[in-house]
**Student:** 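Just dropping this structure here.
Remember, predicted model here, so these are calculated numbers, not experimental data.
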Amino acid sequence: MTAPVFVVDAVPPAGEFVVDGPEGRHAVSVKRLRPGEEVVLTDGRGRWSEGVVKAAEGKDRLVVADLHEVHEEPEPTPRITVVQALPKGDRGELAVETMTETGVDEIVPWSASRCITQWRGERGLKALAKWRATAREAGKQSRRVRFPRVADAMTTKQVAALLATADLAAVLHEDRAHPSEPLATAELPTTGSIVLVVGPEGGVSPEELEVFAQVGARAYRLGRSVLRTSTAGTAATALLLGRTGRWS
């Protein structure tokens, strides 16, 4: 297994560094790291460095030594963004967690017309903070050094504007009354960006499909079965990562 990942504000240069606060507490009291074990320090934005635990002090101080040079993971291409309609309950965090572990680059919460859950006021801010915290923790768990960005929640009009900028604009939609193509055979760009829309449990409304079609987005399906909104984005991301060669 690769070394555990800890997030720092800025990746330190070669030498020695102390990880403290919540990250230090997790390393010392939860992971129970000991001298000699390898760790990775990252800012979550692609910069990272490897080191070795020198000492675990108290309950929240991890001294890391022998830090190597700072590396920078390049931006992946094509970049994959999933526009995720707001699911019920904690299924939003589940979607964020599994998409992050799979390798998505950006997640956009979407207040679709058929969403039962709506983010408003303080409740919406708390929900967004949960999604961002989930992406951070899942990024660490999956040993990523470039975590996905979780954008502010968007309206349908804002999502359409985002789709208009994409090299591939796709809407996952399974409906016998509405034509769609298999995502598995879609022509994919080799660079640029892919934006994929995942609708709510009730599906993307005809009005929303029309708005998205006006900016060039097309309807695609994953397969014979219909996935829940909290798993469709993960399955689609995995398919795209495999087909674009990013998993090779």
**Student:** Whether Arg246 and Asp105 form a salt bridge (side-chain N of Lys/Arg under 4.0 Å from carboxylate O of Asp/Glu) is what I want to check.
**Tutor:**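 Salt bridge present between Asp105 and Arg246.
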**Student:** Show the nearest heavy-atom pair for residues Leu163 and Val215, with the distance to one decimal.
**Tutor:**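 Leu163 and Val215 have their closest heavy atoms at CB-CG2, 4.0 Å.
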**Student:** Please check if any side-chain donor atom of Ser49 sits under 3.5 Å from a side-chain acceptor atom of Glu69, or the reverse.
**Tutor:**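 Absent: no donor and acceptor within the cut-off.
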**Student:** Output the distance between atom CZ (Arg114) and atom OG (Ser205), rounded to the nearest 0.5 Å.
**Tutor:**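 Arg114 CZ to Ser205 OG: 5.5 Å, rounded to 0.5 Å.
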**Student:** Is it the case that the side chain of Ser29 and the backbone of Lys59 share a donor-acceptor pair, with hydrogens and angles ignored and the cut-off at 3.5 Å?
**Tutor:**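 Yes.
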**Student:** Quick one: pull up CD in Glu38 and NE2 in His68 and give me the separation to the nearest 0.5 Å.
**Tutor:**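 Separation between the atoms: 7.5 Å.
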**Student:** Just checking, any donor-acceptor pair under 3.5 angstrom between side chains of Arg221 and Ser180?
**Tutor:**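 Yes, Ser180 and Arg221 have a side-chain donor paired with an acceptor closer than 3.5 Å.
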**Student:** Evaluate the side-chain proximity of Arg144 to Thr100: yes if any heavy-atom separation is below 4.5 Å, no if none is.
**Tutor:**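 They are in side-chain contact.
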**Student:** Answer with yes or no whether the hydrophobic clustering places Val108 together with Val171; edges join I, L, V, M, F, W, Y residues whose side-chain heavy atoms lie under 4.5 Å apart.
**Tutor:**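 Yes.
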**Student:** Start with the C-alpha gap between Glu73 and Arg47, add the side-chain angles, then the distance that decides, and say whether salt bridge (Lys or Arg N to Asp or Glu O under 4.0 Å) holds.
**Tutor:** CA-CA 6 Å; Glu73 182 178 282; Arg47 292 173 62 82; over 6 Å; no
**Student:** With a 3.5 Å cut-off and no angle check, do the side chains of Ser113 and Glu208 form a donor-acceptor pair?
**Tutor:**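 Ser113 vs Glu208: donor-acceptor pair found between side chains.
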**Student:** For a quick check under 3.5 Å, do Glu210 and Gln214 share a side-chain donor-acceptor pair by atom type?
**Tutor:**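 Yes, because at least one side-chain N or O of Glu210 sits under 3.5 Å from a partner of the opposite role on Gln214.
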**Student:** Taking the basic N atoms (NZ, or NE/NH1/NH2) and the acidic carboxylate oxygens, is any pair closer than 4.0 Å for Lys140 and Glu23?
**Tutor:**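 Answer for the salt bridge query: yes.
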**Student:** Is the ring centre of Phe147 less than 6.0 Å from the ring centre of Trp131?
**Tutor:**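 No, ring centres 6.0 Å or more apart.
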**Student:** Determine, for Glu201 against Lys88, whether the closest basic-nitrogen to carboxylate-oxygen distance falls under 4.0 angstrom.
**Tutor:**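 No, no charged N to carboxylate O under 4.0 Å.
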**Student:** Please check if atom CD1 in Ile116 has more than 12 non-hydrogen atoms from other residues, nucleotides or ligands closer than 6.0 Å.
**Tutor:**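 Counting other residues, nucleotides and ligands, CD1 of Ile116 stays at 12 neighbours or fewer.
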**Student:** Do the side chains of Met154 and Val211 join up, straight or via other hydrophobic residues, at under 4.5 Å, putting them in one cluster?
**Tutor:**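 Yes, same cluster.
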**Student:** Could you grab the distance from atom CG of Leu128 to atom CH2 of Trp119, nearest 0.5 Å is fine?
**Tutor:**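 So the CG of Leu128 and the CH2 of Trp119 are separated by 5.0 Å.
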**Student:** Would you call Glu16-Lys54 a salt bridge at under 4.0 Å N-O?
**Tutor:**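 Yes, this pair counts.
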**Student:** Would you say Pro4 and Val40 make side-chain contact, with heavy atoms under 4.5 Å?
**Tutor:**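 The answer is no, as the side chains (C-beta and beyond) never meet within the 4.5 Å cut-off.
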**Student:** Are side-chain N/O atoms of Trp110 and Thr155 paired as donor and acceptor at under 3.5 Å?
**Tutor:**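 No, Thr155 and Trp110 have no side-chain donor paired with an acceptor closer than 3.5 Å.
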**Student:** Tell me, do Leu196 and Tyr220 make a side-chain contact under 4.5 Å, heavy atoms counted?
**Tutor:**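 No - every pair of side-chain heavy atoms lies 4.5 Å or more apart.
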**Student:** Find the distance between CG (Asp167) and CD1 (Ile194) and round it off to the nearest 0.5 Å.
**Tutor:**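 So the gap between those two atoms works out to 8.5 Å.
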**Student:** Quick check for you: to the nearest 0.5 Å, what is the distance between Thr42 atom OG1 and Trp48 atom CH2?
**Tutor:**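 The OG1 atom of Thr42 sits 9.0 Å away from the CH2 atom of Trp48.
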**Student:** With a 4.5 Å limit on heavy-atom distance, are the side chains of Leu162 and Val83 in contact?
**Tutor:**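 Side-chain contact under 4.5 Å: yes.
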**Student:** Under a 4.5 Å cut-off applied to non-hydrogen side-chain atoms, are Phe6 and His26 in contact?
**Tutor:**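 Yes, their side chains come closer than 4.5 Å.
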**Student:** Kindly indicate whether the side chain of Leu241, heavy atoms from C-beta on, has any atom under 4.5 Å from the side chain of Ile80.
**Tutor:**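 Yes - at least one pair of side-chain heavy atoms lies under 4.5 Å apart.
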**Student:** Check Arg136 with Glu97, please: is the shortest side-chain N to carboxylate O separation under 4.0 Å?
**Tutor:**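 The answer is no: the pair does not qualify as a salt bridge.
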**Student:** Can you sort out the partners of Glu50 under side-chain hydrogen bond (donor to acceptor under 3.5 Å, both in side chains), two or more places apart, ordered by chain and number?
**Tutor:**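 Here no residue qualifies.
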**Student:** Just how far is it from atom CG of Leu94 to atom OG1 of Thr134, taken to the nearest 0.5 Å?
**Tutor:**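 Here the interatomic distance stands at 9.5 Å.
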**Student:** Taking the side chain as everything from C-beta on, heavy atoms only, tell me whether Val64 gets closer than 4.5 Å to Val52.
**Tutor:**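 Contact flag for Val64/Val52 side chains = no.
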**Student:** Quick one: does any side-chain atom of Gln84 pair with a main-chain N or O of Thr229 as donor and acceptor, under 3.5 Å?
**Tutor:**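 Indeed, once roles are kept as given, a pair shorter than 3.5 Å links the two residues.
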**Student:** Could you tell me if the side chain of Thr102 sits less than 4.5 Å from the side chain of Met99, heavy atoms only?
**Tutor:**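 No, their side chains stay 4.5 Å or more apart.
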**Student:** Is Arg132 salt-bridged to Asp152, cutoff N-O under 4.0 Å?
**Tutor:**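 Looking at Asp152 together with Arg132, the answer is yes, because their closest N to O distance falls below 4.0 Å.
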